[in-house]
Amino acid sequence: MNQELSFGQRLTAAIRRVGNPVLVGLDPRFEQLPRAIANAALQAESDPCAARATAYANFCRGVIDVVAPLVAAVKPQVAFFEQLGPHGMAALQTVCEYARQKGLLVIIDGKRNDIDSTATAYASGWLRGSQASKNHVSGQHEGIWGGDALTVSPYLGSDSLTPFVNTAHATGSGIFILVKTSNPGGGQFQDLVCEGRPLYRHVADYVEQLAAADAGNARYGSMGAVVGATYPEQLVELRAAMPHAWLLVPGFGSQGGTAAAVMAAFDSEGLGGIINNSRGIIFAHARREYTQFGEARWQDAVEAAAQDMIQQLRQAGYPAPN
């Protein structure tokens with residue numbers, strides 16, 4: 001590993017700095033954007049994809065401006081940018097760089113993986129970590145997308161994960177491996193019983209091996225797991241099964257996960273988990289609770305929703321880290 005701080009160390013420091021584990025998901029949907037942002041982009045760009053990409057970049061930067069003082073990290077969802085082609089991917093790069101400039105960690109939600117050679121390319125492109133590096137063999141700059149961490153699928157096996165682990169070690173970045181996802185159909189395969197235990201438990205055991213080896217003498221390393229808030233009993237189970245892994249917990253708010261349910265992700269110092277909220281924060285201006293702001297003050301609604309989530313977690317017993 002390079003001499004820069006690892007992702008696990010930087011995530012710990014960021015959560016301690018802001019005093020909460022909130023992760024804001026950047027999932028822009030054109031139809032839900034404030035109309036002023038959407039209309040301005042449509043007037044500025046004749047190409048529909050370019051217009052939407054411009055709107056996404058402007059909207060996400062506006063969200064980042066509001067949440068940067070409040071939370072530790074943001075999580076851009078690649079799919080919403082990727083569907084717009086090259087314009088969208090350029091917007092994604094702009095958003096990632098802007099978030100880093102504002103002092104936020106960037107967790108790329110791309111759920112990537114493939115055979116080992118392809119996984120190496122994915123890891124090289126998406127993970128930059130604490131510093132950009134240069135591959136002196138190929139001459140290509142690595143981590144062009146600027147991710148401090150990346151979500152990864154485990155279902156091609158250990159040889160497909162090794163390139164991500166190696167790149168994370170080399171660049172000070174992290175990975176979050178899908179273990180128990182928040183979507184209703186996740187159990188179709190994840191809950192299948194194999195050798196007397198659900199498949200997700202076998203994945204969790206492997207993630208814990210990676211996390212424990214990476215952590216060394218620290219409590220947590222940079223190898224983490226995705227465990228949904230919508231399955232609170234499994235969250236308790238998997239926190240115990242992966243004591244060295246950071247848990248990225250999706251499903252809070254719009255998907256039904258509650259503040260009380262996610263308390264199982266944390267240790268006594270408020271570390272070990274980071275809780276994602278996407279639509280509930282970024283599109284707060286459309287929620288009944290925040291109609292007083294209206295579209296013209298959509299950023300005030302974003303701030304209020306983020307603050308409310310932080311307060312909900314504290315009321316549920318979240319111990320603010322020292």
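Counting begins at 1 with the first residue of the sequence. Atoms considered below: every heavy atom in the structure, side chains included; atoms not considered: hydrogens, waters and symmetry mates.
Among pairs with a residue in residues 173-209, those fulfilling ring pair (Phe, Tyr, Trp, His ring centres under 6.0 Å) read Phe7-Phe176, at least two apart in sequence or across chains.
In terms of the side-chain contact (heavy atoms from CB on, under 4.5 Å) criterion, residue partners of Asp205 (sequence neighbours excluded) are, by chain and number, Arg197, Arg201. Listed by chain and number, the residues in a side-chain hydrogen bond (donor to acceptor under 3.5 Å, both in side chains) with Arg239 amount to none (sequence neighbours excluded). Here Thr12 pairs with Arg16, Trp246, Leu271 under the side-chain contact (heavy atoms from CB on, under 4.5 Å) rule; sequence neighbours left out.
The two residues Phe164 and Ile175 have their closest heavy-atom pair at CB-CG2, 3.9 Å.
Looking at Arg29 and Glu31, no side-chain N of the basic residue comes within less than 4.0 Å of a carboxylate O on the acidic one, giving no salt bridge. Under 4.0 Å is where a charged nitrogen must lie from a carboxylate oxygen, and between Arg10 and Asp148 at least one such pair does. Salt bridge Glu82/Lys111: absent, no basic N to carboxylate O contact under 4.0 Å.
To the nearest 0.5 Å, atom CG of residue Asp308 and atom CG of residue Leu313 are 11.0 Å apart.
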Identify all side-chain donor-acceptor contacts of residues 57-77 below 3.5 Å with residues at least two apart in sequence or on another chain.
from  : atom 1 : to     : atom 2 : distance (Å)
Asn58 : OD1    : Arg61  : NH2    : 2.6
Asn58 : ND2    : Thr54  : O      : 3.3
Arg61 : NE     : Ala57  : O      : 3.3
Asp65 : OD1    : Tyr98  : OH     : 2.5
Asp65 : OD2    : Tyr98  : OH     : 3.4
Lys75 : NZ     : Asp109 : OD2    : 2.8
Gln77 : OE1    : Ala79  : N      : 3.0
Gln77 : NE2    : Asp109 : OD2    : 3.3

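Of the possible donor and acceptor atoms, none in the side chain of Tyr220 sits under 3.5 Å from a partner among the backbone N and O of Ala215.
Chaining together hydrophobic side chains whose heavy atoms lie under 4.5 Å apart places Ile115 alongside Leu156.
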